[in-house]
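Here the structure comes first, spelled out in structure tokens, and everything after it is commentary.
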Amino acid sequence: MYVCLCKGVSDHKLRATVEDGARSWREVQGETGCATQCGKCAPVAKAITRDAIRSE
Ligand code: FES
């Protein structure tokens with residue numbers, strides 16, 4: 001599902017970015033552009049990213 005509508009970033013994309021080596025929210029944000037526009041998706045996107053990093 002899309003987490004970030006502004007930038008068209010899905011939960012899958014967030015997890016895939018962590019799998020590809022991103023190790024922080026800042027890195028995931030930099031790679032995907034997630035939460036760089038309206039910012040409404042930030043809390044959910046951060047939670048998904050945190051979970052993904054924890055389970056790496
Ligand atoms: Fe992600 Fe707007 S929904 S920046």
Side-chain angles (χ1 to χ4, degrees):
M1 99 202 148
Y2 279 109
V3 174
C4 179
L5 293 179
C6 295
K7 296 294 179 175
V9 183
S10 64
D11 59 333
H12 177 80
K13 176 67 184 168
L14 294 174
R15 289 196 194 93
T17 304
V18 172
E19 271 169 33
D20 288 348
R23 283 296 170 268
S24 67
W25 164 242
R26 285 286 160 213
E27 284 180 30
V28 170
Q29 190 176 35
E31 293 259 336
T32 63
C34 187
T36 58
Q37 204 162 319
C38 76
K40 275 187 197 154
C41 58
V44 171
K46 281 184 192 172
I48 291 169
T49 299
R50 226 178 358 247
D51 269 11
I53 290 170
R54 208 179 294 133
S55 61
E56 270 293 296

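Order of listing sets the numbers, starting from 1, for every ligand and every atom in it.
A52 approaches R15 most closely through the heavy-atom pair CB-CG, 4.1 Å. Of all heavy-atom pairs spanning C4 and A35, the tightest one is SG-N, 3.8 Å.
Within the model, atoms CG of D11 and SG of C41 stand 12.5 Å from one another, a figure rounded to the nearest 0.5 Å. Going from atom NZ of K46 over to atom OG of S24 covers 11.5 Å, rounded to the nearest 0.5 Å.
Near-neighbour remark for atom 2 (Fe) of ligand 1: protein N, O or S atoms under 2.8 Å are C6 SG, C38 SG; waters not counted.
For the pair T32 and K7, the minimum side-chain heavy-atom distance is 4.5 Å or more.
In the hydrophobic clustering, I53 connects to M1, V3, V9, L14, V18, W25, V28, V44, I48, either directly or through intervening members, whenever side-chain heavy atoms lie under 4.5 Å apart.
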